[in-house]
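Data first, discussion second: the structure below is written as structure tokens.
The first residue of the sequence shown is numbered 1, and numbering continues consecutively from there. These figures come from a predicted structure and were not determined experimentally.
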Amino acid sequence: MFLCALYAPVCTEYGRMTLPCRRPCQRAKGDCYKLMDMFGVTWPEEMDCNRFPDCDEPYPRPVDLLSSADSTESPISVQRDYGFWCPRELKIDPDLGYSFLGVTDCSPPCPNMYFQRDELVFARYFIGVVSVVCLSATLFTFLTFLIDVSRFRYPERPIIFYAMCYMMVSLVFLLGFLLEDRVACNVASPGLFRAPTVTLGSHNKACTLFFMMLYFFTMAGSVWWVILTLTWFLAAVPKWGSEAIEKKALIFHACAWGLPGCLTVTLIAMNKIEGDSVSGVCFVGLYDRTALRWFLLAPLGLDVLVGVALLLAGILALNRVRMEIPLEKENQDKLVKFMIRIGVFSVLYLVPLLTVITCYLYENRYRTVWETTWVQERCREYHIPCPYQIEQTNRPNLSLFLIKYLMMLVVGIPSVFWVGSKKTCFEWASFLHGQRRKDSVVNESRQVLQEPDFAQLLLHDPNTPIVRKSRGTSTQGTSTNASSTYLAMLDEPPSGSTSRASSFHGSLYRSRDGRYTACSFRGVEDRLPYDSMLRLYNQSGSRHCSTNHLDSISKHGSTQRLESKSQHSSIRDLSNITQAIQSAPGNRIHRVLEENGATA
């Protein structure tokens, strides 16, 4: 009778309870104490007899049945907190291993326990739109890499894998938007008086798959950013080359995919998967603060510290190179632009990531207050004890969650700013038109000088003159190689193994019937400058020519002769000369082209 009076007291009005007398408590303790002491069970503190009024009346007393308006004495209220009792609507099968607010076999309600339905609809569409934008940006970056794999080498290759990771993250959020609550929530069971609840644990295969993809690629993306800063550091401080860094690619991949994989398997083994009724996906740390601290805040915070340290060291090293080593103005400008590019890309990554970490810290700090406020507001509806002596009540703001999801997705968009350039536009235009550019000497030099493709122009209408477009750049370096290569095709003497009948004089012009005549030599003689023509004519009689003489012809006045020939000769003449030279056996033009190609 004492236990009934204590744990199921008479309640005439809500919030007003009376306690049993002290004498029934003492009699119950005397009857049970010896048996409890035999099994080592102590008398509970909340059943201390000194807490009850000093009387000896059977419960309920007449005063206990009176209302507060009829009673002249103020009843003694219960000075204790019963904690959270799981409502019947949120009960879950024991074999699932769910736990909510420290109570086993209990699950949070679905839809979300903090927001109204119209707020959840707005948040769902907001996340869907942002995920589409992020998916488009990261997919563009990854496809640009596939179009020209050799373009993105180390130290910037990790940007591609970083973009691929956040492409998968945005894809998971997009699927959560399309599937709504089908994965993140359990269906209701009206026959068992059970409402829709949040999916917890790894029993739901779809939710587990969503969690694996989202958590794994989120952690892998942050690790790839650290590897990116590491490769920049190796290139700037120890001056490692691209090949030396690429030799460590196996270690980079082992760390980038292995560490997130270990964390993912650990969380699945610990049954820490939780459905997110706001975004429709499954993640970790949504209701378990311990998992939030150790599996989200700790890894992301460590990545930020290591990445920022390596990034600052690399930027300082590049700035020291710019200040101490004398460079040409053009190279200094390129170095400054590269440093600015690294800085902008890092800021575009760090600001969203730091915002996400700040949101996690805010959730970790106020999650208990939000849960207590929810229990206070819903305890009467669920018929469970209300919290006792609440010091602070607060509800989360929807904007906090929207910012968190926005920054989780936006953090992948900076990759498109790194690959965005005129070269990317040109590669996409060439790819869409089915014309893949090859990495050759002529193409590289034509990109610098914006020169036309002479090999293609020679196949066009012979009456169309060749026009050379130049931006006024120097003829040294690549442009010299390209120009000298083409002039070598014109000035190459015949080899010693060829007969005089098939020498340079007899192979200048091929008629329509396929025979070579010497009259075309005079046509070329009219068009070529005198000094160049004289050298060609003097060489026609010799059967042996040295390589030094060929290099001398190709080096001196290459640009002037190219412009002169392109202005005063037709494409057919140039084509005939080229065909005649290439048709001669033992010709050294192919060796010159290969050497110039290797130089470029």
* Asked: Checking R380 side chain against C386 main chain: does a donor-acceptor pair fall under 3.5 Å?
  -> no

Looking only at atom types and distance, does a side-chain atom of R157 sit under 3.5 Å from a main-chain N or O of F152, one as donor and one as acceptor?
yes

Between F173 and S131 the two heavy atoms that sit nearest each other are CB-CB, 4.0 Å

For this session: Check whether any side-chain heavy atom of L90 sits under 4.5 Å from a side-chain heavy atom of S107, and report yes or no.
Result: no

d(S279 OG, L174 CG) to nearest 0.5 Å is 12.0 Å

ask   = Where do F84 and F100 land on the ring-ring contact (aromatic ring centres under 6.0 Å, His included) test, with the steps shown first?
value = CA-CA 9 Å; F84 174 72; F100 176 53; 5.7 Å; yes

- Decide side-chain contact (heavy atoms from CB on, under 4.5 Å) for F217 and T264; before the verdict, give the C-alpha distance in whole Å, the side-chain angles of both, and the deciding distance to 0.1 Å. CA-CA 10 Å; F217 285 107; T264 304; over 6 Å; no

* To do: Answer yes if the side chains of R151 and T144 hold a donor-acceptor pair under 3.5 Å, and no otherwise.
  => no

(message) Would you say CH2 of W257 has more than 12 non-hydrogen atoms from neighbouring residues, nucleotides or ligands within 6.0 angstrom?
(response) yes

Closest heavy-atom pair, V375 versus P385, reported as atoms and distance to 0.1 Å, is CG1-O, 4.4 Å

Separation between OG1 (T199) and CZ (R182), nearest 0.5 Å, reads 13.5 Å

Quiz item: Going by an N to O cut-off under 4.0 Å, is there a salt bridge joining R395 and E377?
Solution: yes

_W43 side chain vs M47 backbone, donor-acceptor pair below 3.5 Å_ = yes

Does Q116, at its CD atom, have more than 12 non-hydrogen atoms belonging to other residues, nucleotides or ligands within less than 6.0 Å? no

(Q) If you define the side chain from C-beta out and look only at heavy atoms, does anything of F211 sit under 4.5 Å from L267? (A) yes

* Expected output: side-chain D276 to main-chain F283 donor-acceptor under 3.5 Å -> no

**OP:** Taking the side chain as every heavy atom from C-beta outward, state whether Y360 and K404 have any pair of such atoms under 4.5 Å apart.
**Re:** yes

Heavy-atom nearest pair, Y287 first then G275, reads CE1-O, 3.8 Å

In short, T138 meets S415 closest at the heavy-atom pair CG2-OG, 4.3 Å

### Query
Is the side chain of N204 donor-acceptor paired with the backbone N or O of C207 at a distance under 3.5 Å, no angle test?
yes

Worksheet item: Centroid-to-centroid, Y166 to F161, below 6.0 Å?
Response: no

Item checked: Validation row, ring centre F140 to ring centre W428 under 6.0 Å -> yes

Interatomic distance, CG@L234 vs CD1@I227, rounded to 0.5 Å, equals 11.0 Å

Check whether any side-chain N or O of T424 sits under 3.5 Å from a backbone N or O of V419 as a donor-acceptor pair, and report yes or no. yes

Worksheet item: Going through the checks in order, is the side-chain contact (heavy atoms from CB on, under 4.5 Å) test met by V410 and C134?
Response: CA-CA 6 Å; V410 168; C134 180; over 6 Å; no

*asked:* I'd like to know if R289 and E363 make a salt bridge, using a cut-off of under 4.0 Å between side-chain N and carboxylate O.
replied: no

One should read off an interatomic distance between L6 CG and C25 SG, to the nearest 0.5 angstrom, of 8.0 Å

Could you walk me through whether S202 and N271 pass side-chain hydrogen bond (donor to acceptor under 3.5 Å, both in side chains), step by step?
CA-CA 6 Å; S202 57; N271 212 32; 3.2 Å; yes

| request: Indicate yes or no for a side-chain donor-acceptor contact from R51 to the backbone of E46 under 3.5 Å, with no hydrogens or angles considered. | output: yes

message = Which label fits F345 and Y162: parallel for a plane angle under 30°, tilted from 30 to 60°, or perpendicular past 60°?
response = perpendicular

All heavy atoms of G221 vs all of Y349, minimum pair found to be O-OH, 4.3 Å

Has Y215 got a side-chain atom pairing as donor or acceptor with F295's backbone, closer than 3.5 angstrom? yes

Taking every heavy atom of D93 against every heavy atom of R194, the minimum-distance pair comes out as OD1-NH1, 3.0 Å

Exercise. Considering residues, nucleotides and ligands other than W370, do more than 12 of their heavy atoms fall under 6.0 Å from its CH2?
Worked result: yes

| message | Do I273 and L200 make a side-chain contact, defined as non-hydrogen atoms from C-beta onward lying under 4.5 Å apart? | response | no

- [ ] Using a 4.5 Å cut-off on heavy atoms from C-beta on, say whether the side chain of R117 contacts that of P111.
- [x] yes

*Heavy-atom check, side chain of V130 versus side chain of Y405, under 4.5 Å*: no

_For E45, I'd like to know if atom CD has over 12 heavy atoms of other residues, nucleotides or ligands within 6.0 Å._
no

side-chain contact (heavy atoms from CB on, under 4.5 Å) between N186 and V198: does it pass, once the steps are laid out?
CA-CA 6 Å; N186 299 316; V198 172; over 6 Å; no

For this session: Could you tell me whether the side chain of T218 reaches within less than 4.5 Å of the side chain of C165, counting heavy atoms only?
Result: no

Just wondering, more than 12 heavy atoms not from M164 lying within 6.0 Å of its CE? yes

Apply side-chain contact (heavy atoms from CB on, under 4.5 Å) to V133 and I413, showing your working. CA-CA 8 Å; V133 174; I413 296 181; 4.1 Å; yes

Which of V223, L230, L228, V226 passes side chain to side chain contact (heavy atoms under 4.5 Å, CB included) with P158? It is L228

Note to self: Please determine whether a side-chain nitrogen of the Lys or Arg among K272 and D288 lies less than 4.0 Å from a carboxylate oxygen of the Asp or Glu.
What the structure shows: yes

Distance col, row R378:CZ vs E89:CD, nearest 0.5 angstrom, shows 9.5 Å

| field | Verdict with reasoning, F177 to Y125, per ring-ring contact (aromatic ring centres under 6.0 Å, His included) | value | CA-CA 7 Å; F177 164 74; Y125 278 93; 5.3 Å; yes

To the nearest 0.5 Å, atom SG of C86 lies from atom OH of Y382 at 9.5 Å

Quiz item: With distance as the sole test, does R124 use its side chain to make a donor-acceptor pair with the main-chain N or O of V278 at under 3.5 Å?
Solution: yes

* Asked: Quick one: does M212's side chain get under 4.5 Å of I268's, heavy atoms only?
  -> yes

- Flag, side chain of T231 to backbone of P155, donor-acceptor distance under 3.5 Å: yes

- prompt: Going by the angle between their ring planes, with limits at 30° and 60°, are F401 and Y114 parallel, tilted or perpendicular?
  reply: tilted

Notebook entry, point to check: Once the angle between the rings of H253 and W224 is folded into 0 to 90°, is it parallel (under 30°), tilted (30 to 60°) or perpendicular (over 60°)?
Noted result: perpendicular

